[in-house]
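Everything on this sheet refers to the single structure shown next.
Keep in mind that the numbers below use all heavy atoms, side chains included, and drop hydrogens, waters and symmetry copies. Per chain, numbering begins at 1; letters A, B, ... match sequence-line order.
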There are 2 protein chains.
Amino acid sequence: MSNMVSGNTVAEVARLIGDVARANILSALMGGQALTAGELAHHAGVTPQTTSGHLARLAEAELVKVEKQGRHRYYRLASADVAQALHALMTVAAGGPKRHRPIGPRDAALRLARTCYDHMAGRLAVALADGLRANGHVILTDGAGLVTDTGRRLLCDFGVALDDGAKGRRPLCRTCLDWSERRPHLAGRLGAALLDRALDLGWVHRATDSRALRLSPAGERGFSSAFGLPPGWRDAPAA
Amino acid sequence: MSNMVSGNTVAEVARLIGDVARANILSALMGGQALTAGELAHHAGVTPQTTSGHLARLAEAELVKVEKQGRHRYYRLASADVAQALHALMTVAAGGPKRHRPIGPRDAALRLARTCYDHMAGRLAVALADGLRANGHVILTDGAGLVTDTGRRLLCDFGVALDDGAKGRRPLCRTCLDWSERRPHLAGRLGAALLDRALDLGWVHRATDSRALRLSPAGERGFSSAFGLPPGWRDAPAA
DNA sequence: GGCATGCTTCGGCCGGGGCCGAAGCATCCG
DNA sequence: CGGATGCTTCGGCCCCGGCCGAAGCATGCC
């Protein structure tokens, strides 16, 4: 009877996620792109009118944000907090690091590079994190990371403004367990900024129909020279 | 239609949490202690037989673990992953750092020191984190922390074995946003070890009926001399 | 043994909510 | 302007699952 109050609202949020159609909608939005109601209906596997109801409830609870544009409505996750909660639920759902089921993206392109909410994932992202760590630009601890002075300089040269202004308090550098690689990659403001900048530079391009990222030749060269990707980073992990 | 598979199991987990009674049960277990089915029924606000059904489902899904002892059954959260997922959901439920509603534990004792799953929370825990950080024993980044060499030595002297053996891969040092203080305190293996050791030393004692921790005079002296609590740490935060 | 306590299983009630078809607005196009 | 497209609202169906009372096992105590 002690803390029923907080339990209540927790239940409301969890209940919203606890429906297959809505969970599919939210999972689709974990890709980081804004999607239209119709696309989400397709992902959810239910009719548009049903989806519309779900989206209204999700928006009401501020789990997603909506943006009108012409006769489309674009939906996206409302905040990184929501993405993190979904991530945590996926971790629990996967049964912890228990079953080493070789699921994860089976598509080779997805394994190589993809988006994860607002940052990069896949072998490329893991290799980037490894390279930055090996060169002492970041220090990765459990769940988060610290950008060193040399790293700050490097990233500034690369063109990402770390901008420590305590705006919004979105964590600067977080690590995120890569589904396919089972090793950490970079998330947080830093991870998001890296993806933004890489897209700007044309080093990676979004696939139109999936979360995959295509690495351009320029990106291949650029990432290697800028961040020192370890040799053979494209290969499957030893384990 | 792409990733419906993972969405499915995410939905199952979230659905389990998405019931008021079950959410209350899990919230109660966030205290870190194992509780009997009867106590949980009380927390949930439903009859024992209803609670029994809920607990069976939670155990089936491995969100909680059960341990028979005489004619009692003690339940606890199954893993730190579950605690983290609940924490993330609470964060979303609280509406992010949006509404600064002065909720949080209203009881003064709870504000001062309490348990949070398996580690300490409240002003004491925040002050401990501050002290360790101020003296360069840990470096706190967003969501995690790094124990320095001096910190490692200090903690070893204090009697906690950090034991880097990659056993279980439970993160060593994490930070956790304190509900009442809105500032980070220490969690992870380190946070759990600190609570254990403090209980062993008799520096804090568990209250019988709540998550509150009572700080003993020895603890007051001990924490101050060992970790350098900032002066006036008992006072309400400036904000 | 007899009885209390703690927990579970069974059966039945009933309300919430997920689903779709049909129809209603909005927007863009020619 | 009329028609196509995208999305929403409305109405009604139906089933899932949360709830409790009663009864059934276990355990412990006298």
Side chains of R211(B) and M30(B), heavy atoms from C-beta outward: is any pair under 4.5 Å?
yes

Do E39(B) and T36(B) meet the criterion of a side-chain donor-acceptor pair at a distance under 3.5 Å?
yes

Measure from CD on E39(B) to P on dC7(C) and round the result to the nearest Å.
8 Å

Under 4.0 Å, heavy atoms only, any strand: does T36(B) hit a base, just the sugar-phosphate, or nothing?
sugar-phosphate

Both A37(B) and R22(A) contact DNA chain C. Taking the nearest nucleotide for each, which residue is further toward the 5' end?
A37(B)

Taken in chain and number order and not counting sequence neighbours, the residues that satisfy side chain to side chain donor-acceptor pair (under 3.5 Å) with Q33(B) are none

Answer whether the closest heavy-atom distance between the side chains of Q84(B) and R174(B) falls below 4.5 Å.
yes

Sole residue of L77(A), V64(A), L29(A), L58(A) in side-chain contact (heavy atoms from CB on, under 4.5 Å) with V82(A):
L77(A)

Below 4.0 angstrom, N of the basic side chain to O of the carboxylate: do R57(B) and E12(B) qualify?
no

From CG of L40(A) across to P of dG6(D) the rounded distance in Å is 14 Å

What residues, two or more places apart in sequence or in another chain, satisfy side chain to side chain donor-acceptor pair (under 3.5 Å) together with D178(A)?
R114(A), S180(A), H185(A)

Between R123(B) and E181(B), is the closest basic N to carboxylate O distance under 4.0 Å?
yes

What are the atom names and distances for every N/O pair under 3.5 Å that joins the protein to nucleotides 21-23 of chain D?
from: dG21(D); atom 1: N7; to: Q49(B); atom 2: NE2; distance (Å): 2.6

Residues within residues 63-76 of chain B bordering DNA chain D, heavy-atom distance below 4.0 Å
G70(B), R71(B)

Could you please spell out the steps behind the side-chain hydrogen bond (donor to acceptor under 3.5 Å, both in side chains) verdict for S52(B) and Q49(B)?
CA-CA 5 Å; S52(B) 176; Q49(B) 61 270 31; over 6 Å; no

Can you sort out which residues in residues 52-59 of chain B have a heavy atom within less than 4.0 Å of DNA chain C? Ascending by number, please.
S52(B)

Kindly assign one of parallel, tilted or perpendicular to the pair F158(B) and W203(B), based on the angle between their ring planes and the thresholds 30° and 60°.
tilted

Between R15(B) (CZ) and dC16(D) (C1'), how many Å, whole number?
7 Å

By side-chain contact (heavy atoms from CB on, under 4.5 Å), A37(A) pairs with (sequence neighbours left out) L55(A), Y75(A)

